[in-house]
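In listed order, ligands and their atoms are each counted from 1. Note that the structure is a prediction, hence the values are computed from the model and not measured.
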Amino acid sequence: MQNIASNLETLEHRIAVACKAAGRARDSVTLIAVSKTKPAADVHAAAALGLTQFGENYLDEALVKIQTSADLDLTWHYIGRIQSNKTKDIAASFDWVHTVDREKVARRLNEQCPATKQLQVLIQVNIDADPAKGGVMREAVPTLLREIQQLPRLVLRGLMTILAADSDPGASYQSMAQLFADLEPQLDPSARAHWDTLSMGMTGDLEQAISNGATHIRIGTALFGTRG
Ligand SMILES: *Cc1c(COP(=O)(O)O)cnc(C)c1O
């Protein structure tokens, strides 16, 4: 197993430096530990170090980890592609869904969300217009946003993006921040109060994400080591 404790120390230093450079408070950035492909033992080790937010891409392996850490009071973020026949399990087991990119998925998550909770959701934006990536094109975001804010069991919190391999992170994250700001006045007043989340930044580009206003960074490799 990787030394998660020392990885976290190094990572926290990077985050602190980036926050300082951006004139931001450390607590304005939430670290999501992306544990995909890693064993439940790694989740437990990271939780023992104080991490509470975890991200997963693949439903089947996620469900095992969520079940085996049910006593830990962790918050789970779904960050993978959504097949519409998997929305029921996603709605039942996760607290957040970062990758909502079409109306059908939003409607199904809303219908299948257990009565005991609401789902915190983000619209995934394909900011680089990369055919290989999921997410809605920038121009289509306002329409999807209007649809989602009508759905009572979903709380629309903001935007998420995954960059193209050849992206310029500084420019793309700046575009995301601009879009996030431009959309706020288009929200219903009741939805505006919850519009507070910009999920962007991974191991390779967390500094650019933080300098452009990311509120949630999703970190796998820097914490758990390379994936096999
Ligand atoms: C794997 C993954 C991450 C973490 O990537 P690292 O480069 O390992 O930090 C973040 N977000 C999404 C959507 C991912 O699939």
Side-chain angles (χ1 to χ4, degrees), residues 1-4 6-18 29-40 42-43 45-46 49 51-63 65-66 74-83 86 90 93-102 105 109 119-136 157-170 172-173 176 197-228:
M1 198 197 287
Q2 280 275 324
N3 190 338
I4 298 170
S6 70
N7 288 351
L8 178 60
E9 207 173 306
T10 306
L11 173 61
E12 276 296 344
H13 180 71
R14 272 180 77 184
I15 297 170
V17 169
V29 179
T30 298
L31 170 59
I32 299 176
V34 176
S35 46
K36 66 176 174 210
T37 79
K38 300 295 179 182
D42 283 12
V43 171
L49 295 166
L51 296 183
T52 58
Q53 310 293 313
F54 288 83
E56 286 281 342
N57 295 56
Y58 310 112
L59 190 58
D60 291 343
E61 63 158 300
L63 295 180
K65 285 178 248 185
I66 292 171
L74 305 178
T75 299
W76 289 93
H77 300 254
Y78 188 77
I79 62 172
R81 285 211 179 198
I82 303 177
Q83 294 171 267
K86 298 288 176 63
I90 293 171
S93 298
F94 284 83
D95 305 290
W96 287 68
V97 181
H98 289 225
T99 44
V100 177
D101 65 357
R102 55 199 192 277
V105 158
L109 289 170
L119 270 179
Q120 314 300 309
V121 304
L122 304 177
I123 295 175
Q124 182 182 354
V125 182
N126 192 343
I127 197 70
D128 297 317
D130 175 5
K133 288 280 182 299
V136 63
R157 300 291 295 268
L159 304 177
M160 176 269 203
T161 198
I162 306 170
L163 299 187
D166 62 354
S167 179
D168 170 355
S172 290
Y173 288 149
M176 284 295 295
T197 303
L198 199 43
S199 167
M200 58 189 196
M202 313 193 339
T203 291
D205 57 21
L206 68 90
E207 286 82 4
Q208 290 99 323
I210 289 173
S211 76
N212 284 290
T215 65
H216 290 63
I217 56 174
R218 310 178 308 265
I219 306 296
T221 307
L223 201 50
F224 297 114
T226 51
R227 291 177 290 273

J.: Taking the side chain as everything from C-beta on, heavy atoms only, tell me whether Trp96 gets closer than 4.5 Å to Ile32.
T.: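 Trp96 vs Ile32: side chains apart.
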
J.: May I ask you to list the atoms of ligand 1 that are less than 4.0 angstrom from any heavy atom of Asn57?
T.: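 What qualifies from ligand 1 is 14 (C), 15 (O).
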
J.: With the threshold set at under 4.0 angstrom, would you say Arg227 reaches ligand 1 through any of its heavy atoms?
T.: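 So Arg227 counts as touching ligand 1.
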
J.: Within the 4.5 Å heavy-atom criterion, are Val105 and Val97 side-chain neighbours or not?
T.: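 The answer is no; the side chains never approach within 4.5 Å.
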
J.: To check your reading of the model: name the closest protein heavy atom to atom 12 (C) of ligand 1, its residue, and the distance in Å.
T.: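 Result for atom 12 (C) of ligand 1: Ile79 CD1, 3.6 Å.
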
J.: Which ligand 1 atoms, with their elements, are less than 4.0 angstrom from a heavy-atom of Arg218?
T.: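 Near Arg218, meaning under 4.0 Å from one of its heavy atoms, ligand 1 has 4 (C), 9 (O), 10 (C), 11 (N), 12 (C), 13 (C).
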
J.: Of the side chain and backbone of His98, name the one, both, or neither that has a heavy atom under 4.0 Å from an atom of ligand 1.
T.: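 Neither; no heavy atom under 4.0 Å.
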
J.: Just which atoms of ligand 1 are under 4.0 Å from any heavy atom in Ile219?
T.: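 Taking each heavy atom of Ile219 in turn, ligand 1 has 9 (O) under 4.0 Å.
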
J.: With a 4.5 Å heavy-atom cut-off, do Pro39 and Phe224 have their side chains touching?
T.: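 The answer is no; the side chains never approach within 4.5 Å.
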
J.: In terms of residue, atom name and distance, what is the protein heavy atom nearest to atom 10 (C) of ligand 1?
T.: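 Answer for atom 10 (C) of ligand 1: Met202 SD, 3.3 Å.
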
J.: If the cut-off is 4.0 Å to any non-hydrogen atom of Ile162, which atoms of ligand 1 fall inside it?
T.: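 Those qualifying, in numeric order: 13 (C).
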
J.: Ser199 and side-chain hydrogen bond (donor to acceptor under 3.5 Å, both in side chains): which partner among His77, His98, Arg157, Gln124?
T.: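 Answer after filtering His77, His98, Arg157, Gln124: His98.
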
J.: Distance under 4.0 Å to a non-hydrogen atom of Thr221: what atoms of ligand 1 satisfy this?
T.: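 The list of qualifying atoms is 6 (P), 7 (O), 8 (O), 9 (O).
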
J.: Among protein heavy atoms, which lies nearest atom 2 (C) of ligand 1, and at what distance?
T.: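 Among all protein heavy atoms, the one nearest atom 2 (C) of ligand 1 is Lys36 NZ, 2.6 Å.
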
J.: So does Arg14 pair up with Glu207, basic N to acidic O under 4.0 Å?
T.: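 The answer is yes: the pair qualifies as a salt bridge.
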
J.: Do the side chains of Glu61 and Thr37 get nearer than 4.5 Å, heavy atoms only?
T.: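 Result yes, sub-4.5 Å side-chain heavy-atom pair found.
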
J.: Under 3.5 Å between some N or O of ligand 1 and some N or O of Met160?
T.: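 The answer is no, given that Met160 and ligand 1 share no N or O pair closer than 3.5 Å.
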
J.: I want to check something: taking the side chain as every heavy atom from C-beta on, are Arg218 and Met160 in contact at a cut-off of under 4.5 Å?
T.: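 When only atoms from C-beta onward are counted, Met160 and Arg218 do touch, with a gap below 4.5 Å.
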
J.: Please list the nearest protein heavy atom to atom 9 (O) of ligand 1 with its residue and the distance rounded to 0.1 Å.
T.: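 Here the nearest protein heavy atom works out to Thr203 OG1, 2.5 Å.
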
J.: Are side-chain heavy atoms of Val29 and Leu206 found at a separation under 4.5 Å?
T.: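 A side-chain contact is absent here, since even the closest heavy-atom pair is not under 4.5 Å.
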
